[in-house]
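Here the structure comes first, spelled out in structure tokens, and everything after it is commentary.
The shown structure was predicted, so the numbers you read here are calculated from the model rather than taken from an experiment. Counting starts at 1 for both ligands and their atoms, following the listed order. As a basis for the values below, the full set of heavy atoms in this structure was taken, side chains included, without hydrogen atoms, waters or symmetry mates.
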Amino acid sequence: MVICTHGHVDHIGNLAMFSTGCPNKLMIVGCDIAQSPDRFLAHDFRSGIAYELDEFVRIVHTPGHSSDDVTVLVRTSSGPLFEAMKAEGESEITVAVAGDLFESEADFNADGDAQWMSRSANSEVQTDQRKRILHKSQAVVPGHGPAFRVKPEFQRSVSVEEM
Ligand SMILES: [Zn+2]
């Protein structure tokens, strides 16, 4: 299975490496899902319906950076990322593998909005999606930097009441 959050070349440049040798692979690029070799699967991401891989992993539409961006939400209770990102007392966290919905933790610096917004197809829509994901996850794997913990001040900057 290969999941690309969106179709920008810096995220899919090596996709062809996965095109052979896996007869039943599932390939997801943004809102497109294909089961090899050439069977496209219809899924209505744009109506807000998550694509559930299992009880721990689901893919949700998070447009803005591009119209087709998706985020992979992973519920996890073990492994190096869980150990690095969990807060005291947490036995499970949700990690958002978010592509360029968040470029890096530096998005939250004083000049951070100007940076990610300059590369956004629709920064208003992306802002709404960023809020949604910040309130659904405890950690984010961004498109261009190390994973980071969702800090309370990140969530406070986008209160639920605004959503
Ligand atoms: Zn991109």
Checklist entry - Is a side-chain donor or acceptor of T5 paired with a backbone partner of A98 at a separation under 3.5 angstrom? => result no
Next on the checklist: Closer than 2.8 Å to the Zn ion (ligand 1), what protein N/O/S atoms do you find?
Outcome noted: H6 NE2, H8 ND1, H65 NE2, D100 OD2
Checklist entry - Looking at residues at least two apart in the chain, or sitting in another chain, which of them share a side chain to side chain donor-acceptor pair (under 3.5 Å) with N122? => result none
Checklist entry - Are the side chain of D128 and the backbone of V125 linked by a donor-acceptor contact shorter than 3.5 Å? => result no
Item to check | Short side-chain to backbone donor-acceptor contact, Q126 and H65, under 3.5 Å | outcome: yes
Checklist entry - Is a side-chain N or O of D54 found less than 3.5 angstrom from the main chain of V57, in a donor-acceptor match? => result yes
Checklist entry - Is it true that a side-chain atom of H6 and a backbone atom of L101 form a donor plus acceptor pair closer than 3.5 Å? => result no
